Amino acid sequence: MTGPIRVRFAPSPTGPLHIGGLRTALYNYLFAKKNAGTFILRIEDTDQSRLVPGSEQYIKEALHWCGLIPDEGPNQGGSYGPYRQSERSSLYEHYVHQLILSGHAYYAFDTPEEIEAMRQREIAEGNKGPKYDQSTRKTMRNSLTLGPETAEQLVADGKPYTVRMLVPASREITFMDEIRGSVRIHSKELDDKVILKTDGLPTYHLANVVDDHLMKISHVIRGEEWLPSTAHHVLLYEAFGWADIMPTFAHLPLILKPSGKGKLSKRDGQKFGFPVFPLAWHDTGDPFEGFDSFGFNPDAVVNFLAFLGWNPGTEQEIFSMDELVQAFDIQQISKAGARFDYDKARWYNGQYIQAESDESLANHVLPFLKGKRDEDLSLYISEVVKLLKPRIQTYREFPIEGHYFFNDVESYNGKMLRKKWKEPNRTHFLTLISKLTEVTEADFQAEKLKSVVHTYIEEYELSFGNVLPLLRIALCGDTKGPDLFDIMEVLGKKTVSSRFQKSPVVFDGISD
């Protein structure tokens, strides 16, 4: 298809948006922007029985969170609306009748029980994959067996019916895929898909073909799971006389489980303890955490997702959105499935945290500090995150790894205490903390505090390895963390003095 680049992301609002869908949206967005094209959001909500309240809003918020703003869509409008399929239902009837009149579709009046009976007969006769197709359609109640006049009368009488595609026999359907090359599917593998349901609404197969045509979609970029159905869509384009102007197809590889075996599912997140949705979902049914509630930067999520199936062919791994747009090439998308590596996602987020300003980082961490302190934390948090960020990979780890910055220390590393504590040094330890608490508030800075400690240790020929860990345990409860004197400066004299005053109690009963 030639002409302007127009792509669509067309999710069904049947629950929260899985990251596989988000990656599809991302690749559509990058392709559109790389080619000065249009990125469209179309809500495919014709299956009313599966709609989940809140899903459409969730989809929009997830795209916005990642910076994937549609050029046309339900909120943005555009020249090819409406952009919800349920609002386009009056358009499809004309095209269904066109297919029936041209002999490419037919009425089917079979009940679910009759269809199930057919399947059981086929299985009994040795057919392991029975379906409503060229081999069984003549045994069913449809306009092919009843005749057009009877069928029209049944429709006029209000009898329930569906409309099915008439898939031709002994036909090889061929189409080009931008990622997979030439694809060939024989018609004997295809069933006569329902294209109009008993409720009068079209199925995905008809609606997406008609809408893609009417919206002048140039490229259909979607998941691998739709590859088998593309043969049906090609037949529909041919039946409508649109074969010469049908979109170019590109079917994306699956996102696989961390093991590399099988498609990543929404349940895998709960099973393995990582997010598989961009945003947390709490509206209906089971709640799920998202990359947002796990403490991820949306830019890092976009960067991570871009590499799940695509590679620029260079050593560069950190890309801004603008850089992704410039580097993106649909020909560099892999055919093979991409393994979901949560450790790699965390690595990406850690890189973004390192590059983030302390002020911005503090604003991202604040929501994860609910209930930690009552006073205004902005300036204090900026100092805390500056110390912690070399060791942190998600926003919500800050109050966990740096708990001693936000709460009193309630537990201490007893094993390390027993290793480092020497009872003869008790006097030295008490004298040293006394000297530290005597430092004025104005001088309570890392360099001054370091000088006090180092001078005392050197004067009395003590071991730095025995003294400093004890000071750290008294302040933080453990020996891990940023520079001890930087911690003291950020905590401030009042907090440091209070914790040191508790330390003789902490060390009571510890013997070497």
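Computed from a predicted structure; not experimentally measured. Numbers here are sequence positions counted from 1.
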Cation-pi, [Y] ring and [X] (6.0 angstrom, 45 degrees):
X	Y	answer
Lys344	Tyr342	no
Arg222	Tyr27	no
Arg42	Phe9	no

Give the intermediate values and the outcome of ring-ring contact (aromatic ring centres under 6.0 Å, His included) for residues Phe304 and Phe340. CA-CA 10 Å; Phe304 167 65; Phe340 181 88; 5.6 Å; yes
Is Thr46 reaching over with its side chain to a backbone N or O of Thr203, donor-acceptor style, under 3.5 angstrom? no
Check ion pair [X]-[Y] (N to O, under 4.0 angstrom):
X	Y	answer
Glu359	Lys386	no
Glu72	Arg6	yes
Glu423	Arg426	yes

Just one of Arg180, Lys263, Lys335 clears the salt bridge (charged side-chain N to carboxylate O under 4.0 Å, His left out) bar with Glu224, so which one? Arg180
Below 3.5 Å, can you tabulate the donor-acceptor pairs from side chains in residues 265-275 to any protein atom, sequence neighbours excluded?
residue, atom, partner, partner atom, Å
Ser265, OG, Arg267, N, 3.3
Ser265, OG, Asp268, N, 3.4
Ser265, OG, Asp268, OD2, 3.4
Arg267, NH1, Gln270, OE1, 3.3
Arg267, NH1, Asp286, OD2, 3.0
Arg267, NH2, Asp286, OD2, 3.3
Asp268, OD1, Lys257, NZ, 3.1
Asp268, OD2, Lys257, NZ, 2.9
Asp268, OD2, Ser265, N, 2.8

So, do Ile318 and Asn303 sit near enough that their side-chain heavy atoms are less than 4.5 Å apart? yes
Heavy atoms only: give me the nearest Pro70-Leu41 pair and the separation to one decimal. CG-CB, 3.7 Å
Exactly one of Asn28, Asn208, Thr38 clears side chain to side chain donor-acceptor pair (under 3.5 Å) with Arg8, and that residue is Asn208
Kindly state each residue pair satisfying side chain to side chain donor-acceptor pair (under 3.5 Å) with at least one member in residues 468-488, sequence neighbours excluded. Asn413-Asp478
According to side chain to side chain donor-acceptor pair (under 3.5 Å), does anything in residues 49-70 pair up with another residue at least two apart or in another chain? List the pairs. Asp47-Ser49, Glu56-Lys60, Glu56-Arg84, Gln57-Glu61, Lys60-Asn75
